[in-house]
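Beneath this line is the structure, given in structure tokens, with notes to follow.
Below, chains carry the letters A, B, ... as their sequence lines are ordered, and counting in each starts from 1.
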Amino acid sequence: MSAPVRTRIAPSPTGAPHLGTAYMALFNLAFARKHGGQFILRIEDTDRQRSSTESEQAIFDALRWTGIEWDEGPDCGGDFGPYRQSERLDLYEQEINRLLKQEDAYRCFCSAERLNEVRARQMAEKQTPRYDGHCLSLSAEESIKRAENEPFVVRMKIPQSGQCTFVDELREEVSIDWAQIDHQVIRKTDGFPTYHLANVVDDHHMQISHVIRGEEWISSTPKHVLLYQYFGWDAPTFAHLPLLRNPDKSKLSKRKNPTGIFYFRDAGYLPEALINYLGMMGYTLPDQREIFSLGELSDTFDLKRISLGGPIFDLAKLKWLNGRYLREKLPAEEVVERLQAWKANPDFLGKIMHLALQRLETFSDFFPLAQFLLSEQPEYDVETLCGKLSPDQPAKLLKIAEWELEKATPWDRDTLSSIFQKIAETEDIKLKQLMPLFFVAMSGSAISLPLFDGLALLGPDLTRMRLRRALEILGESGNGLSKKGLKSLEKEYASRYGNRID
RNA sequence: GUCCCGUUCGUCUAGCCAGGUCAGGACACCGGGUUUUCAUCCCGGCAACAGGGGUUCGAAUCCCCUACGGGACGCCA
């Protein structure tokens with residue numbers, strides 16, 4: 001008589017849709033399907049600064065592209081909506097007030113300055129940074145009164161001692177001392193709930209039965225468990241999956257890997273191969289077959305078969321798999337159709353033609369010119385890349401461009417153009433001298449189609465990989481950035497461009 | 001720093017829960033064959049139980065310690 005299985009994926013619409021989202025979605029979906037349950041997409045847009053509707057749309061598009069489908073979500077509705085947290089504020093407010101009334105939470109009026117001081121002192125004394133409970137002693141009357149004209153946050157109370165023990169489906173019991181847990185803010189000054197509160201409230205109200213999420217959440221699970229207790233709700237079953245890793249074993253990051261789902265689309269991978277590959281990261285089907293569809297994964301899916309070591313995302317194996325799909329799973333006619341839908345269509349070729357036309361004498365001239373827009377990565381040697389620049393310059397300029405391009409919104413010709421002009425100015429170098437480097441990094445040749453238009457067509461994900469590849473080539477030839485050089489460049493960049501690297 | 005999680009070939013992993021196979025498969029790499037080239041395909045090879053201590057007739061498998069790796073420690077999620 002167990003409750004129906006309902007799983008969810010809860011991405012926040014900040015930045016480009018991440019591979020990790022597809023990875024978690026895949027297992028949530030497979031689990032739901034296996035048990036005849038529902039899979040829900042919920043948008044966690046409680047960060048007002050960083051959330052955007054473009055990003056939300058991109059999540060829909062990216063997941064749809066991979067072939068992952070959700071039963072309920074902001075775009076398709078469902079019986080437990082709305083599925084966008086920014087549309088559920090009343091519910092959170094009501095639940096927060098309940099916690100306040102129960103005295104399981106309290107208002108905190110501490111200033112950011114004071115909190116920073118406290119944190120700095122604790123760090124200096126090598127303690128775990130934690131709220132010191134300053135506002136905990138406020139009386140109910142005083143708290144309410146001050147709230148009328150002072151900004152405040154709401155924090156949840158945490159037991160003074162003892163530990164929280166919860167069951168993770170994949171590792172049995174996990175225990176964490178309450179002393180490790182901070183008095184988590186559950187309502188921000190702007191009135192929005194934080195992740196922890198909204199997540200628990202929504203999972204309950206949406207009747208989520210299994211929370212299958214990344215390992216990074218293990219340490220905050222006690223907060224969630226405690227919230228369920230405060231509310232008097234049954235907690236869902238938790239299962240924390242390993243995190244995808246970079247080749248150096250750190251958590252997969254776009255600094256070291258392509259992590260945007262669109263990278264794979266734009267670089268010419270098949271969604272079914274990508275999904276298949278993600279499915280074999282940390283998981284094997286009972287019969288150990290390596291080529292399988294989402295449906296086949298779902299039919300036999302068993303959470304317990306997940307292996308806990310964080311798998312390294314290996315492009316080489318993904319490519320091999322993609323090749324097998326291309327030559328074994330799809331008929332040639334369909335490959336042609338897919339190829340057309342990819343970039344060999346009038347729309348995309350038209351955009352390139354717009355740039356190439358003046359440079360054509362015959363049709364034969366077209367594809368060589370367009371090649372860099374149709375390939376994953378052009379080839380060139382380090383001499384071509386460096387051109388007339390002094391040896392220490394290319395790496396520095398490429399790195400700065402990589403950082404500056406992070407901020408390019410929208411990703412269009414004019415934005416890109418102004419970014420490169422800014423770099424030229426700040427570095428006190430003529431744009432004309434600066435450009436050959438980027439022409440080569442992007443197209444493999446100093447002579448190519450207009451760069452900014454080209455980059456605009458290429459998109460941020462492919463562009464980033466090309467910059468990185470150029471940096472890699474420089475590194476191999478001994479002209480790269482040393483660890484130290486990178487550090488000092490970061491500092492220099494922060495002061496000169498007024499921007500931090502995060 | 002503190003806490004939590006993890007650890008089988010370079011990489012993805014099977015085997016572990018219910019101790020007993022030359023520790024199996026795949027990618028990558030190397031060699032050979034097929035192919036007018038290349039790729040595909042086929043055959044072969046290289047290569048791992050992190051270390052130490054227990055329990056046991058017997059440990060990759062169970063227990064403990066150490067090391068290493070990762071994650072978390074935000075009014076981000």
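Looking at which nucleotide of RNA chain B each of A/Tyr277 and A/Ser175 is closest to, the 5′-most match is held by A/Ser175.
Across all strands, A/Arg305 comes closer than 4.0 Å only to sugar-phosphate atoms, never to a base (heavy-atom distances). Backbone-only contact: A/Gly282 has heavy atoms under 4.0 Å from sugar-phosphate atoms and none from a base. Among the protein residues, A/Asp177 comes within range of no part of the nucleic acid, since none of its heavy atoms lies under 4.0 Å from any strand.
Rounded to whole Å, the separation between the P atoms of B/G32 and B/C38 comes to 13 Å. Taking the P atoms as reference points, B/C29 lies 16 Å from B/G10, given to the whole Å.
A donor and an acceptor atom, one from each side chain of A/Asp47 and A/Ser51, are nowhere located under 3.5 Å apart. A/Gln102 and A/Arg98 share a side-chain donor-acceptor pair at under 3.5 Å.
The CH2-C1' distance, from A/Trp320 to B/C27, rounds to 7 Å in whole Å. Here B/C5 presents its P atom at 8 Å from CZ of A/Arg171, a figure rounded to the nearest Å. Atom NZ of A/Lys304 and atom C1' of B/C16 are 15 Å apart (whole Å). At whole-Å resolution of the value, CZ in A/Arg289 and C1' in B/C12 are 17 Å apart. Per the geometry, CE belonging to A/Met281 stands 6 Å off P belonging to B/C12, to the nearest Å. The nearest whole Å value for the distance from the CG atom in A/Asn322 to the C1' atom in B/U40 is 15 Å. If you take CD1 of A/Ile181 and C1' of B/C3, they are 8 Å apart, rounded to a whole angstrom. Distance CD (A/Glu290) to C1' (B/U11): 12 Å, rounded to an integer number of Å.
In this structure, A/Arg42 fails the cation-pi test against A/Tyr83, since its NZ or CZ atom is not both closer than 6.0 Å to the six-membered ring centre and inside 45 degrees of the ring normal. Under a cutoff of 6.0 Å and an axis angle of 45°, A/Arg155 and A/Tyr131 form a cation-pi pair.
Taking A/His240 as the reference, nothing meets the ring-ring contact (aromatic ring centres under 6.0 Å, His included) condition, with sequence neighbours excluded.
The aromatic rings of A/Phe301 and A/Tyr283 are tilted relative to each other, their planes meeting at an angle between 30° and 60°.
Pairing for B/C68 is with B/G6, a Watson-Crick or G-U wobble pair whose two hydrogen-bonding atom distances lie under 3.5 Å. With a 3.5 Å ceiling on both atom-pair distances, the Watson-Crick or G-U wobble partner of B/C41 is B/G33. In this structure, B/A26 and B/U11 make a Watson-Crick or G-U wobble pair, each of the two defining distances being under 3.5 angstrom. Nucleotide B/C73 has B/G1 as its partner under the Watson-Crick or G-U criteria, with both atom distances under 3.5 Å.
Contact annotation: A/Thr284 does not reach the phosphate of B/U13 (side-chain N/O to OP1 or OP2, under 4.0 Å).
Between A/Phe31 and A/Phe27, the distance separating the two ring centers is not shorter than 6.0 angstrom.
Residue side chain A/Lys317 does not reach the base of B/A28 through any donor-acceptor N/O pair under 3.5 Å, judged by distance alone.
Between A/Trp217 and A/Leu241 there is no side-chain heavy-atom pair separated by less than 4.5 Å.
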Do nucleotides 62-77 of chain B as a string where each nucleotide becomes B, S or -: B if the base has a protein heavy atom under 4.0 Å, S if just the sugar-phosphate does, - if no protein is that close.
-------SSSSSSBBB
